[in-house]
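Inspection log for the structure reproduced underneath, given as structure tokens.
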Amino acid sequence: MGWVERNCIEVKMAGVSLKCGDCGALLRSVEEAQEHAELTSHSNFSESTEPVLNLVCSICSKPCRSKTESDLHTKRTGHADFVDKTSEAAKPISLEAPKVDATQTSQNPIAEQNEEMVVPEVDKKLFEELESMGFSAARATRALHYSGNAGLEAAVSWIVEHENDPDVDQMPLVPANSITEAPKPSLTPEELKVKQQELRERARKKKEEEEKRMEREREKERIRIGKELLEAKRIEEENERKRLLALRKAEKEEEKRAREKIKQKLEEDKAERRRRLGLPPEEPSAAKPSPVVEEKKGFLPVRPATKAEQMRECLRSLKQNHKEDDAKVKRAFQTLLTYVGNVARNPDEEKFRKIRLSNQSFQERVGSLKGGIEFLEICGFEKIDGGEFLFCPRDKVEMAVLNSAGSELDSAIKNPFFGVL
């Protein structure tokens with residue numbers, strides 16, 4: 001009597017299985033318990049009244065020992081119909097070691113120790129089909145034998161289910177006298193062709209479904225990317241709007257500071273004139289005429305005090321006079337910037353300091369626009385030869401003035417609100 005028998009012999013109730021206390025596995029016999037112990041080193045076994053399930057797949061006849069095994073079989077093959085034959089196989093388990101009787105041995109050749117084991121015969125056509133699909137001879141033989149030669153699909157399903165078995169690539173052996181006759185082909189050649197066609201059609205449909213699913217996933221991804229691009233564009237437009245508002249605010253602040261400076265300069269000039277005329281200083285509380293009243297009385301508009309302010313006023317006037325054609329205004333600004341830049345980079349070259357007023361290109365770009373020639377005159381150009389040329393004498397080239405002109409032109413070109421406020 002082995003140690004498994006000794007471990008379970010004291011249990012008085014009649015059981016139909018042995019249960020491993022370490023992993024919960026149910027075993028049909030003492031021999032299975034001993035094999036389980038050798039593989040897992042588990043030693044805690046007890047007799048159980050819970051029978052080992054015998055769920056037989058009604059499609060491929062695959063026996064399953066537990067609900068977990070049947071669920072796995074359904075997941076792999078799609079077979080969900082099982083016949084419960086547990087009650088047929090359930091019987092009290094014997095804890096005694098099997099005894100071999102001499103008479104039984106002579107009557108039952110299966111119990112002989114040296115019984116001849118042979119490779120089971122399987123359907124040759126199905127075997128060739130499996131080999132052509134790339135399966136080894138041992139794997140194909142084992143699959144056909146254990147699937148009962150039920151068909152190509154059943155054999156492939158068996159291989160898929162048992163591909164991780166340690167003996168899947170070992171040739172199966174059965175007792176020689178258990179083979180009564182070679183298994184008959186389960187399918188005729190015509191039926192086999194139909195079955196193969198069904199398998200191919202099923203594979204094609206499965207591929208089409210997978211492609212449709214992938215296409216849906218790609219469409220979802222395209223929609224997601226489209227939404228992200230739209231959101232990014234919206235954020236970019238919002239940032240651009242805020243930037244333009246900030247530029248406009250800065251332009252207003254600049255205009256306000258310029259007006260304050262002009263106003264301060266006027267007050268200083270007025271105070272200086274009163275001092276020269278011997279008049280007492282004007283009291284701060286004295287009422288000051290509004291700009292509108294002064295304009296109505298015929299006073300001339302106040303001209304900017306510095307050349308930079310004069311240039312800015314000249315460019316603003318040019319844009320206001322031609323506000324219906326932004327392209328023409330921008331081209332005029334860029335042409336003026338080219339003239340000023342050439343003189344600043346090459347002050348000793350007379351060709352850059354002399355412009356023919358009758359030149360058609362100059363007239364189209366600058367000369368015909370009110371304020372263009374005035375801007376050049378502020379930069380140091382003056383008319384010569386009866387108004388035929390604009391010329392900037394070498395001694396009147398002031399780099400500070402030219403740099404200020406370049407800055408004002410660059411601001412006028414880049415600032416979209418220049419001259420609008």
Side-chain angles (χ1 to χ4, degrees), residues 244 247-267 269 289-344 353 355-384 387 389-392 396-398 400-421:
L244 294 178
L247 287 175
R248 185 174 181 180
K249 183 178 180 181
E251 183 71 16
K252 285 184 177 181
E253 293 293 334
E254 183 183 0
E255 292 289 336
K256 183 178 179 181
R257 288 194 298 270
R259 287 193 294 269
E260 292 294 334
K261 288 178 67 176
I262 294 171
K263 183 178 178 181
Q264 182 181 359
K265 182 66 176 176
L266 287 173
E267 294 293 336
D269 291 345
S290 63
V292 177
V293 174
E294 290 179 356
E295 185 176 351
K296 287 183 179 180
K297 288 183 178 180
F299 288 98
L300 295 175
V302 179
R303 295 183 63 82
T306 64
K307 283 192 174 184
E309 293 170 349
Q310 293 175 8
M311 293 175 188
R312 190 180 307 116
E313 185 63 30
C314 187
L315 295 176
R316 186 179 293 108
S317 175
L318 189 151
K319 186 168 184 178
Q320 287 289 341
N321 293 330
H322 305 279
K323 58 185 178 181
E324 73 282 353
D325 194 346
D326 290 339
K328 180 183 286 189
V329 173
K330 188 174 182 180
R331 184 176 62 180
F333 289 167
Q334 291 173 341
T335 303
L336 290 172
L337 184 61
T338 301
Y339 284 133
V340 173
N342 287 338
V343 176
R353 293 184 281 108
I355 304 172
R356 184 184 294 274
L357 292 174
S358 59
N359 183 280
Q360 183 179 357
S361 177
F362 175 79
Q363 284 295 323
E364 290 178 355
R365 293 173 176 266
V366 177
S368 62
L369 278 67
K370 184 179 179 180
I373 295 177
E374 289 82 348
F375 182 86
L376 292 173
E377 288 177 342
I378 297 172
C379 294
F381 286 85
E382 56 189 30
K383 292 180 181 180
I384 62 172
F389 292 96
L390 274 177
F391 181 71
C392 181
K396 290 189 177 182
V397 176
E398 299 182 19
V401 175
L402 295 177
N403 290 335
S404 297
S407 299
E408 296 299 330
L409 285 168
D410 184 68
S411 176
I413 292 171
K414 294 181 179 179
N415 187 354
F417 297 106
F418 182 83
V420 177
L421 304 175

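The figures that follow rest on heavy atoms only: side chains count, while hydrogens, waters and symmetry mates do not.
In this structure, Val366 and Ile373 approach most closely via the heavy-atom pair CG1-N, 4.3 Å. Among all heavy-atom pairs drawn from Phe381 and Arg353, the shortest one is CE2-O, 3.5 Å. Nearest heavy atom pair, residue Ala405 against residue Cys379, reads CB-SG, 3.6 Å. The two residues Leu369 and Glu364 make their nearest non-hydrogen contact at CD1-O, 4.0 Å.
Leu318 places none of its side-chain heavy atoms less than 4.5 Å from the side chain of Glu374. At least one side-chain heavy atom of Lys383 sits less than 4.5 Å from a side-chain heavy atom of Leu390. You'll find the side chain of Tyr339 reaches within 4.5 Å of the side chain of Phe362, heavy atoms only. The shortest side-chain heavy-atom distance between Arg259 and Lys256 falls under the 4.5 Å cut-off. Between Leu376 and Leu336 there is a side-chain heavy-atom pair separated by less than 4.5 Å.
At most 12 non-hydrogen atoms from other residues, nucleotides or ligands lie less than 6.0 angstrom from CD of Gln360.
A donor-acceptor pair is defined here as one N or O able to donate and one able to accept, closer than 3.5 Å; no such pair exists between the side chain of Gln363 and the backbone of Ser358. Counting only distance, with no hydrogens or angles, the side chain of Ser404 and the backbone of Ala400 share a donor-acceptor pair below 3.5 Å. Judged purely by atom type and a 3.5 angstrom limit, Asp410 has no side-chain atom pairing as donor or acceptor with the backbone of Gly406. The backbone N or O of Arg365 sits nowhere less than 3.5 Å from a side-chain atom of Arg331 that would complete a donor-acceptor pair. No side-chain donor-acceptor contact under 3.5 Å links Ser317 to the backbone of Glu313.
The distance from atom CZ of Phe389 to atom CG of Asn359, rounded to the nearest 0.5 Å, is 10.0 Å. One distance of note links NZ of Lys414 with CZ of Phe333; it measures 14.5 Å at 0.5 Å rounding. To the nearest 0.5 Å, atom CD1 of residue Ile413 and atom CG of residue Leu315 are 9.0 Å apart. With values rounded to the nearest 0.5 angstrom, Glu260 atom CD is found 6.0 Å from Lys263 atom NZ.
Residue Glu255 is tested with Lys252, Glu251, Arg257 for a side chain to side chain contact (heavy atoms under 4.5 Å, CB included); the sole match is Glu251.
Pairs engaging residues 308-327 under the ring-ring contact (aromatic ring centres under 6.0 Å, His included) rule: none recorded [sequence neighbours left out].
Of the charged side-chain nitrogens involved, none lies within less than 4.0 Å of a carboxylate oxygen, so that Glu309 and Arg312 do not count as a salt-bridged pair.
When the side chain to side chain contact (heavy atoms under 4.5 Å, CB included) test is applied to Asp326, no partner is found at least two apart in sequence or on another chain.
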